[in-house]
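Working notes, structure below.
Keep in mind that this is a model prediction, so the values were computed, not measured. Hydrogens, waters and symmetry mates play no part in the numbers below; they use all other heavy atoms, side chains included.
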Amino acid sequence: MGNVLFEKIESRALVTLDHPRKLNALDITMLQQLHDIFEQCDTDSTIRTVILTGSGMKAFCSGADINCWSELSPTEFSREWILKGHRLFDRIACLGKPTIAVLNGLALGGGLELAATCDIRIAAPHANLGLPEAQIGVIPGWSGTQRLARLIPEPVLKEMVLFGRRISATRSFEIGFTAEIADDPLARAVEVSQKMDRLSPQANAISKAMIHAGVGEAGGAMIEAIAGLAIAGTSDMKEGVTAFKEKRDPNFTTNK
């Protein structure tokens, strides 16, 4: 089984997929570890940026470990594997802090879908991206045909899904999926993240939610989260909660 490593360096969280024997393929233990780690990152106010990468120089993540799901029944495959992965990936995508995926090598299948949950991606020159699921008779299951459709032009995505073609780091940069190519992508990600210390975390969180609402990334949740932030600062909410606790009718008297 693989592992997920967590390290906090000043205001940055470094999350590393550590399953090098299988090119950092995701297993069920790693899915749970990632969920717990990103929950911790969300609640730790001292963490300003999260960097996600893989062990070694061969792969960011080669996808889902086939041994973890190939023997599941159709119901188990849908409920325990696909939906559990979606809950995790949606959790990462909606994190209220900037996230950077460091593509230090292969990003295939579920690994590419995982990279897509981050806000930006920085790739090594030898990084290679693909969605090879059809080669083993399955389909992208963790938003490869949904979230990636917003990030990769349709013709390119169809090349990858329908024809099994991989794209290079250079091409991923040319189509805007990758923000930068760097010889040392992790060092570059740390450098980029250091600049976040000079920016407002509240402004970034709200801006990220607004962008996600605009592009349809958990749009309903993002709109209600922004509205919830607005109502939480009003005297009406304070009065309503106080009245409830004091078991009396609220007295809404202001417009503030």
* **Taking every non-hydrogen atom, the tightest pair across E154 and K158** => OE2-NZ, 2.7 Å
* Asked: Can V102 be reached from I181 by stepping across I, L, V, M, F, W or Y side chains whose heavy atoms are under 4.5 Å apart?
  -> no
* N/O donor-acceptor pair under 3.5 Å between H35 side chain and L88 backbone -> no
* Structure fact -> Here the gap from K97 atom NZ to N204 atom CG, rounded to the nearest 0.5 Å, amounts to 11.5 Å
* So, K22 side chain and D65 main chain: donor-acceptor pair closer than 3.5 Å or not? -> no
* List the steps, then state whether side chain to side chain contact (heavy atoms under 4.5 Å, CB included) holds for V192 with I51. => CA-CA 10 Å; V192 170; I51 299 172; over 6 Å; no
* Asked: For R91, which residues count as a salt bridge (charged side-chain N to carboxylate O under 4.0 Å, His left out) partner, sequence neighbours excluded?
  -> E39, D42
* Asked: Hey, does V156 have a side-chain heavy atom less than 4.5 Å from the side chain of F177?
  -> no
* **Neighbour count >12 (heavy atoms, 6.0 Å) for atom CZ, R248** => yes
* To do: Using atom types as modelled and distance alone, determine if a side-chain donor or acceptor of E180 lies under 3.5 Å from a backbone N or O of I122.
  => no
* Asked: Got more than 12 heavy atoms from elsewhere within 6.0 Å of CZ, F173?
  -> no
* Nearest heavy-atom pair of L157 and A149: which atoms, and what distance? -> CD2-CA, 3.7 Å
* To do: Give the minimum heavy-atom separation between A93 and R147, together with the two atoms involved.
  => CB-NH2, 3.8 Å
* Structure fact -> So CD1 of I167 and CD1 of I152: to nearest 0.5 Å the spacing works out to 5.5 Å
* Establish whether F60 and V15 are linked, either directly or via other cluster members, by ILVMFWY side-chain heavy-atom contacts under 4.5 Å. => yes
* **Donor-acceptor contact below 3.5 Å, side chain T178 vs main chain R121** => no
* Shared hydrophobic cluster for I37 and I47 (ILVMFWY, side-chain gaps under 4.5 Å) -> yes
* Asked: Should we say atom CD1 of I139 is surrounded by more than 12 heavy atoms from elsewhere, each under 6.0 Å from it?
  -> no
* Can M30 be reached from I28 by stepping across I, L, V, M, F, W or Y side chains whose heavy atoms are under 4.5 Å apart? -> yes
* salt bridge (charged side-chain N to carboxylate O under 4.0 Å, His left out) involving E7 - partner list, sequence neighbours excluded -> none
* Asked: With the threshold set at 4.0 Å, does a side-chain nitrogen-carboxylate oxygen contact exist between R171 and E174?
  -> no
* If you look at every heavy atom in L26 and W81, which pair is closest and at what distance? -> O-CH2, 3.8 Å
* Can you tell me if K84 uses its side chain to pair, donor with acceptor, with the backbone of L31 under 3.5 Å? -> no
* Any donor-acceptor N or O pair under 3.5 Å, side chains E239, N251 -> no
* Reported CG-to-CG distance for the pair L112 and L106, which is rounded to 0.5 angstrom -> 11.0 Å
* More than 12 heavy atoms of other residues, nucleotides or ligands under 6.0 Å from CD of E246: is that the case? -> yes
* Asked: Just by modelled atom types, is the H19 backbone N or O under 3.5 Å from a matching donor or acceptor in the N24 side chain?
  -> yes
* **N/O donor-acceptor pair under 3.5 Å between R48 side chain and L199 backbone** => yes
* Do L108 and M160 have side chains that get closer than 4.5 Å, going by heavy atoms? -> no
* Asked: OG of S143 to CG of L151: how many Å apart, nearest 0.5 Å?
  -> 8.5 Å
* Asked: Do L52 and T99 come close enough that some side-chain heavy atom pair is under 4.5 Å?
  -> no
* Mark yes when over 12 heavy atoms from residues, nucleotides or ligands other than K8 sit less than 6.0 Å from its NZ; otherwise mark no. => yes
* To do: Would you check if F89 and L114 make a side-chain contact, meaning some heavy-atom pair closer than 4.5 Å?
  => yes
* Asked: How far does CD1 of I82 sit from CZ of R87, to the nearest 0.5 angstrom?
  -> 11.5 Å
* Structure fact -> Residues P250 and G240: closest non-hydrogen pair is CB-CA, 4.3 Å
* Might you work through the side chain to side chain contact (heavy atoms under 4.5 Å, CB included) test for H212 and D119, ending with a clear yes or no? => CA-CA 10 Å; H212 280 186; D119 296 315; 4.2 Å; yes
* Say whether, by atom type as modelled, one donor and one acceptor occur between the side chain of S55 and the main chain of L17 under 3.5 angstrom. => yes
* Compare all side-chain heavy atoms of P125 with those of D183 and state whether any distance is below 4.5 angstrom. => yes
* To do: Check whether any side-chain N or O of T49 sits under 3.5 Å from a backbone N or O of Q194 as a donor-acceptor pair, and report yes or no.
  => no
* Atom CD1 in I136, atom CD1 in I66: separation rounded to 0.5 Å? -> 4.0 Å
* Output yes when a side-chain donor or acceptor of T117 lies under 3.5 Å from a complementary backbone atom of I92, and no otherwise. => no
* To do: Would you please test M57 and H126 for side chain to side chain contact (heavy atoms under 4.5 Å, CB included) and show each step?
  => CA-CA 9 Å; M57 294 301 295; H126 65 278; 3.8 Å; yes
* Distance-minimising heavy-atom pair for A115 and L103 -> CB-CD2, 3.7 Å
* To do: State whether a side-chain donor-acceptor pair under 3.5 Å links Q40 with D36.
  => no
Give the table of side-chain donor-acceptor pairs shorter than 3.5 Å for residues 128-135, with sequence neighbours excluded, one pair per line with atom names and distance.
none

* Would a hydrophobic clustering, with Ile, Leu, Val, Met, Phe, Trp and Tyr connected at side-chain separations under 4.5 Å, put F38 with I9? -> no
